Every structure is written in structure tokens, then in C-alpha cells.
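Just so it is clear, the values below take in all heavy atoms, side chains as well, and ignore hydrogens, waters and symmetry mates. What you see is a predicted model, and the numbers here were worked out from it, not measured in a lab. In listed order, ligands and their atoms are each counted from 1.
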Amino acid sequence: MPAMVSPRLAIGLLVAASSLAAALSTCIDGARGTAYGYEPGTPTGPENWGKLSPEYSLCGEGKQQSPIDIVTKEVVPKPDLESLDRTFSPANATLVNDGHDISLKFKPGTVGNLTVGGKAYDFEKLHWHAPSAHTVNGQRFPLELHLVHRSADGGVAVIAILYKVGGADSLYPQLRPKLEVMAADKCNFAQQESRVEAGLVRMPRSVQRRAGSYFRYTGSLTAPPCTENVVWSVLARVRQITKEQLDQLTAPLPRGAAGDARPVQPLNGRTVEFLNVTDSIISFPM
Ligand SMILES: *[C@@H]1O[C@H](CO)[C@@H](O)[C@H](O)[C@H]1NC(C)=O
Ligand SMILES: *[C@@H]1O[C@H](CO)[C@@H](O)[C@H](O)[C@H]1NC(C)=O
Ligand SMILES: *[C@@H]1O[C@H](CO)[C@@H](O)[C@H](O)[C@H]1NC(C)=O
């Protein structure tokens, strides 16, 4: 005998089930590329990335790799570097967890752009690394935000913002409910990524408008395939995030002790340039 359920209760259950479904993230199957990890000394660890796949060869053989340690005493002042000031429009975004990092992806051309060396780059996505990928004078930070921009010809320009534990970050509260949904998700990251629609996201002042002083160098993506000719701008002002926000940002990631920071790479003769913007905050002894 099947249990009797009143029509009203049945409808109520259906509505509850569909709103629950709307709140869940989706595990999307897809080509994930060759697996890699961040734990040193393991077969898929950063020192072995270049050997995991021919597509990852630059990770081992590249001479302009990222991240790097920025030694402030050795940077070259470059007053003619362009200002990084930007204005972003509110735009619909998707939160994506690929098992390595969490990113917020926008439809290109909907948020804003950046001009570097006379070339326009569309803001495409942002993601976090914890702990930081770049170090400054040997110091590693608990978090680094990457704002990734792409030009029409496929060039990549990334603005990196370092965070220390302190006051609250203003971008995070908009994402908090979505991150909680994502943290409850159980995707198989070998074959899937997790996605949550984040709705309209407004970029806070802390990541746009007056970007201030920064360090500039040419490097690579900090994850396989480690593609080079990436224009890096690491902001000289360290931002703050609370310990609780930091923990919640990293909660959805399956991670080991090394987090998702690639070790720093040799400069191989590259120079790091520095733009000193009047009245901007520089968090490091120069
Ligand atoms: C964001 O998405 C919503 C729902 O699809 C839509 O109504 C709105 O116009 C979008 N906003 C922008 C700025 O694209
Ligand atoms: C850059 O963004 C601004 C403001 O959204 C827009 O007016 C301009 O057309 C964009 N430029 C390019 C080259 O996409
Ligand atoms: C930056 O420029 C200001 C003057 O605008 C100067 O006082 C300051 O020493 C400079 N800082 C560095 C690190 O060059």
C-alpha cells in the first residue's frame, strides 16, 4: 500500500524540492585535462608538472614562469607605466570550483576592461589562491586575488592583490551564500567542476578605481599549462580579510597542506618594474 499524500502536501513538497534544487550547485562533466596537484614531493606536485603532459611542458622548461618573489630593493622604478585605474559595471557571474581554485567568471565584455601597453584587455574572471602565490621579500601572504583580463588576440594581463588577516573584505559578503552552497557540493573533481550562478556581482572599490602603486613583470599562468607572456601587475597595497572569510573562501576546495600556491620560480634575468603613484599606500619597505 503506497502512503497517501494529500494533493496540497504533494505540491508543497514539489515546491520545496525545486527551490532546493535551485540552491544547489551543479556538477558539470567535462574534459578536465591532465590531473595536477600542489603537494611538493608527490607525483603530480608542482616540480613534476612539466612531465605530466606535453601540453604542460612550459611548466618545466619555461624561462619566464610565475609566481616570483618580488625583492623590493631590486625593483626598477618606471614612472611611465600606465595607471591601472578601472571602473567595472555590475555583471552577472558564475562561481566555479574546478577542484584547484574557486573563480568568479563573467561573460567577456560585460564588466570592464584594462589598457596595458596601449592594448585593451577585457576583464574575464577572478580567482583566489591560498596561500599567496607571489611573495614579497620572501614573505608569503594568506591569500592572493587574481583579476584575469584577456585581449582580442589571446594575450593575458593579471592584476594580483595580496591579503593579510585583519578587517573584513568587501567583495566576500556578496559571494558568501553561494560559497556555502558550493561547500556542501560533492563533485568528483577528477571529471567534474562545480558551478553556482552568482547573479549580479558588483566589484567593490577595493579591487577597482585607484589601483595605486604596483610591481610589473612578464611571467606565466601559475597553474598548468603555465602559458607565458602574461603581463603581471602585483599591487603594492596589501588588503585585509578576516580569518572567518578566509576559511569560508577555501572551504569548498579539496586541498592539502600546500593549499593551491605554486612555489616561486627563478627570475632568469627578468626585471621587476615599479610604478610609484603619488599618495598611494605601499605596504612594503622599498
Ligand atoms: C542578469 O541576469 C538577470 C537574470 O537572467 C537579468 O534579468 C539581468 O538583466 C542580468 N543583468 C545584467 C546586467 O546582465
Ligand atoms: C572598455 O570599457 C568601457 C566602459 O565599460 C567601454 O566604454 C569601452 O568601450 C571598453 N573598451 C574596449 C576597448 O572594450
Ligand atoms: C614615491 O613618490 C613619493 C612622492 O610622490 C615619494 O615621497 C616616495 O618616497 C616615493 N616612494 C618610492 C618607494 O619610490
Side-chain angles (χ1 to χ4, degrees), residues 15 18-26 28 68-97 102-114 120-126 132 134-139 141 147-150 159-162 164 170-182 194-205 207-217 232-239 267 270-286:
V15 169
S18 60
S19 55
L20 191 65
L24 289 174
S25 55
T26 339
I28 308 281
I68 58 164
D69 178 41
I70 295 167
V71 180
T72 56
K73 291 267 178 289
E74 289 170 10
V75 301
V76 177
K78 192 98 188 310
D80 58 347
L81 282 176
E82 64 281 298
S83 132
L84 292 178
D85 298 354
R86 299 141 296 144
T87 303
F88 292 144
S89 314
N92 285 320
T94 308
L95 206 55
V96 179
N97 178 6
I102 293 173
S103 56
L104 190 63
K105 295 188 177 173
F106 300 90
K107 205 160 101 199
T110 60
V111 199
N113 50 54
L114 177 72
Y121 294 77
D122 256 330
F123 182 40
E124 182 179 77
K125 64 175 181 180
L126 58 83
S132 71
H134 288 90
T135 58
V136 181
N137 299 327
Q139 182 187 3
F141 290 80
L147 305 168
V148 182
H149 304 70
R150 195 176 295 274
I159 296 178
I161 306 178
L162 300 163
K164 64 180 178 187
S170 50
L171 171 59
Y172 174 79
Q174 289 182 73
L175 305 177
R176 177 180 182 152
K178 317 294 176 190
L179 284 162
E180 283 170 356
V181 167
M182 194 165 250
S194 154
R195 290 187 206 164
V196 181
E197 290 310 320
L200 206 60
V201 175
R202 288 165 211 283
M203 299 299 284
R205 292 180 70 105
V207 296
Q208 59 172 330
R209 306 222 171 87
R210 291 201 63 225
S213 301
Y214 66 90
F215 305 102
R216 162 67 52 78
Y217 79 99
W232 280 94
S233 306
V234 181
L235 302 194
R237 176 177 184 175
V238 174
R239 295 280 173 176
L267 273 178
R270 286 175 287 174
T271 52
V272 178
E273 298 169 342
F274 177 65
L275 175 69
N276 179 10
V277 174
T278 310
D279 294 335
S280 72
I281 292 170
I282 300 171
S283 303
F284 305 102
M286 297 294 298

* To do: Under the side-chain contact (heavy atoms from CB on, under 4.5 Å) rule, what do Val111 and Glu124 come out as? Steps first, then yes or no, please.
  => CA-CA 8 Å; Val111 199; Glu124 182 179 77; over 6 Å; no
* Please indicate, with yes or no, if any protein heavy atom is found under 4.0 Å from atom 9 (O) of ligand 3? => no
* Starting from atom 4 (C) of ligand 1, locate the nearest protein heavy atom and write down its residue, its atom name and how far away it is, to 0.1 Å. => Asn92 ND2, 4.7 Å
* Structure fact -> for atom 13 (C) of ligand 1, nearest protein heavy atom and its distance come out as Leu200 CD1, 3.7 Å
* To do: Take atom NZ of Lys78 as the centre, draw a 6.0 Å sphere, and report whether it contains more than 12 heavy atoms from other residues, nucleotides or ligands.
  => yes
* To do: Distance to 0.1 Å, residue and atom name: give those for the protein heavy atom nearest to atom 12 (C) of ligand 3.
  => Asn276 ND2, 3.2 Å
* To do: Using protein heavy atoms only, decide if any is under 4.0 Å from atom 2 (O) of ligand 1.
  => yes
* Closest heavy-atom pair and its distance - Thr110, Ser89 -> O-CB, 4.0 Å
* Asked: With a cut-off of 4.0 Å, which atoms of ligand 3 are near a heavy atom of Thr278?
  -> 5 (O)
* To do: Please report the shortest heavy-atom distance between Leu114 and His149, naming the atom on each side.
  => CB-CD2, 3.6 Å
* Numbering the atoms of ligand 3 from 1, which are under 4.0 Å from a heavy atom of Met286? -> 13 (C)
* Structure fact -> Rounded to the nearest 0.5 angstrom, the CG-CG distance for Leu200 and Asn92 is 5.5 Å
* To do: Assess the side chains of Ser233 and Arg216: does a donor N or O sit below 3.5 Å from an acceptor N or O?
  => yes
